[in-house]
There are 2 protein chains.
Amino acid sequence: MAAHRSATMADVARLAGVSVATVSRTLSGTRAVDPAMQRKVTEAAAELNYQVNLVGRALRQTRTSTVGLIVPDLENPYFSALAQQLARAFSAPGIDLLVFSADGSLETEARGVRSFLGRQVDALVLIPVHEQLSEASVAIAAAAVHTIQLDRHVPGTASSYVGVSNRAGMRLVRDHITECVDLDAQPVVYVGAAPGSSSAHERLDGVRRWFSPEVPTLLGDFSAAWGREAAARLLADGWEGATIVTAADIIALGVVSHLLHQGRSIPGDFRVIGFDGVGAVALAHPSLTTVRQPVEEMAQSIRALIESDEEPSSRWFEPELVLGATSPASGSELSG
Amino acid sequence: MAAHRSATMADVARLAGVSVATVSRTLSGTRAVDPAMQRKVTEAAAELNYQVNLVGRALRQTRTSTVGLIVPDLENPYFSALAQQLARAFSAPGIDLLVFSADGSLETEARGVRSFLGRQVDALVLIPVHEQLSEASVAIAAAAVHTIQLDRHVPGTASSYVGVSNRAGMRLVRDHITECVDLDAQPVVYVGAAPGSSSAHERLDGVRRWFSPEVPTLLGDFSAAWGREAAARLLADGWEGATIVTAADIIALGVVSHLLHQGRSIPGDFRVIGFDGVGAVALAHPSLTTVRQPVEEMAQSIRALIESDEEPSSRWFEPELVLGATSPASGSELSG
DNA sequence: CTGTTAGCGCATTCAG
DNA sequence: CTGAATGCGCTAACAG
């Protein structure tokens, strides 16, 4: 188990017969050191099984080579995909990405912010839990460190933002659907998420804008359970034959699952469209027609934003439509 | 963006007209402080927007109220479910769980260990990337701090372990299958993962032990892509009608997806069994028959292990069978 | 190129 | 109950 007391630079210096400064310079490689001493230091360090104490280093320096990421929920495959891509993007420049889950709670989110700020992270990437109520946390973070909001954003805070153009994504959905579906016989229903996050908000906006302000709408949360429940309600309310646009793949997954369980066919009886296009969810059967977010580019963009310590700036990426088996092939319905 | 320099305890002390010691005692609540001064301190702290510097505190104290978790891959829904449960378990006792992804790489895993040790975490939870090759990392971790291996373990290291009895899980699968499937007409094929991790190893062992040492076996990795590929090979090699036991839900998902795409029916033409029973994957359609791991109990067990600073010890949990629609109802085949 | 020294921010002795 | 002083482990100035 735990060693009694781990070796310190002073220990290494003593054993190697040099000063602590030489040890520091040798191990961090900040300055040239005589090869002979260098060897003695590395040997002594190895013998004592020395590990740098990053806490001491962090206290002395300003930077920690650490970036914090706070996600609302690790079980949402879209967020874990983002986390994974970010970790990969920061790996090459030697920056550690530390992930903290807010577990859907504003209090836990605030705790995460305090925790990362207290740890002196170089930058903080934050997927806010709530569009308005996360404002305090975002403001505290942005006041102390370079903060980048990801995927969702709280309006009016002076921090950077990286995300996808949700309205444009819904426009892609509209273009695809109008091309292959008879909207009179198979009207659109939106199964979305209540506008507590900007992404939920904007996707709902997009649907109303590109289809119609009166699109029938069921709003819940970003979960498969909600998708199932919504599908059950649609069947109960006589929405047989609808074209179901959803706010996320994970919702779409629940919708598809319930409909198939109830003996409906897709895309025969119903059509279902997802959003995100990322992670294992996208591998569902039948394959989901969805709007794919370019998560890899988004992660790289965040890395670039942090490395070049510029002014806070925002970047919206363009999503793309991915055709699957939950919607008819383009043109099939109208030309058939 | 970043403030020029954040307020320190000395700043607060100056503004409140007291000593830094009083500020420290007031804010951490370690000792009784005169209510009048207490008020002055809290007001000064609020005015300066003071945030404790955890780096300074960590350097002074031994503990950091932080536990590190290293996962091989965040995109695997089983690992992110574990991470989520652990975060939740540690939330109540006021411990921050910081997650680091090894991204499937031994080097990154080693970096994560060094990083967390350097940050003076109170304990380290580690899901090793590889059964043998992660040994060095585990040993380094265990020598410095209370280390708990999770789900997978490296043999011969003196650290704690929490996981599920994989062989018992496969026994549940055997019991279920022998009850409802005619194994002569619908022989078992195992689609597993190459034994690089102890879980892959033990599940393969279990299949060979409870079914037969000669069970036909395809080994890949823990991914849906591998499941698809394996299914394609089974079809190509004439394994029509097989009962497919897999090493993980995520593999089973790929298998099911490919088979359905190729027009096969489940559980008519093929039967598919998963393993893990956790996360969105478990919500697939058709619902997966799988072996569920008690992740919540496992997370609580780890918390308990860390709080009571005992000897390194191991705990194996018993998994349970969850019936889904990818296998026939019990008894249906043999009695029908 | 190397050694000595100071101080990052904090919690904790030890006096009072 | 409060304040002054010490040092956690490290790196950056500075002087040699």
Side chain A/Arg25 and base C/dG3 donor-acceptor under 3.5 Å: yes
Tell me, which of residues 26-41 of chain B have any heavy atom that sits under 4.0 Å from an atom in DNA chain D? B/Ala32, B/Val33, B/Asp34, B/Met37
Interface residues of residues 13-23 of chain B with DNA chain D (non-hydrogen, below 4.0 angstrom): B/Val18, B/Ser19, B/Ala21, B/Thr22
In whole Å, I'd like the distance from the [atom1] atom of [X] to the [atom2] atom of [N].
{"X": "A/Arg63", "N": "D/dC10", "atom1": "CZ", "atom2": "C1'", "value": "15 Å"}
{"X": "A/Leu54", "N": "D/dC8", "atom1": "CG", "atom2": "P", "value": "18 Å"}
{"X": "A/Met9", "N": "D/dC8", "atom1": "CE", "atom2": "P", "value": "15 Å"}
{"X": "A/Leu59", "N": "C/dA11", "atom1": "CG", "atom2": "P", "value": "12 Å"}
{"X": "B/Gln120", "N": "C/dC10", "atom1": "CD", "atom2": "P", "value": "18 Å"}
{"X": "B/Gln51", "N": "C/dG9", "atom1": "CD", "atom2": "P", "value": "15 Å"}

Hey, is the side chain of [X] poking within less than 4.0 Å of OP1 or OP2 on [N], counting only N and O atoms?
{"X": "A/Arg57", "N": "D/dT11", "value": "yes"}
{"X": "B/Gln61", "N": "C/dC10", "value": "no"}
{"X": "B/Thr8", "N": "C/dC10", "value": "yes"}

Is it true that A/Thr64 and A/Asp122 share a donor-acceptor pair across their side chains at a distance under 3.5 Å? yes
Exercise: do B/Ser159 and B/Gln149 side chains pair donor with acceptor under 3.5 Å: yes
Can you find a pair of side-chain heavy atoms, one from [X] and one from [Y], that are under 4.5 Å apart?
{"X": "B/Leu27", "Y": "B/Tyr50", "result": "yes"}
{"X": "A/Leu106", "Y": "A/Ser134", "result": "yes"}
{"X": "A/Leu82", "Y": "A/Ile127", "result": "yes"}

Residue pair B/Arg60/A/Ser24 against DNA chain D: nearer the 5' end by closest nucleotide is B/Arg60
In terms of relative ring orientation, are A/His153 and A/Trp316 parallel, tilted or perpendicular, with 30° and 60° separating the classes? perpendicular
Does a side-chain N-to-carboxylate-O contact under 4.0 Å join B/Glu43 and B/Arg39? yes
Does B/Glu296, at its CD atom, have more than 12 non-hydrogen atoms belonging to other residues, nucleotides or ligands within less than 6.0 Å? no
Which is true for B/Val52 with a 4.0 Å heavy-atom rule: it touches a base, it touches only sugar-phosphate, or it touches nothing? sugar-phosphate
Among all residues two or more places apart in sequence or in another chain, which pass the salt bridge (charged side-chain N to carboxylate O under 4.0 Å, His left out) test with A/Arg14? A/Asp11
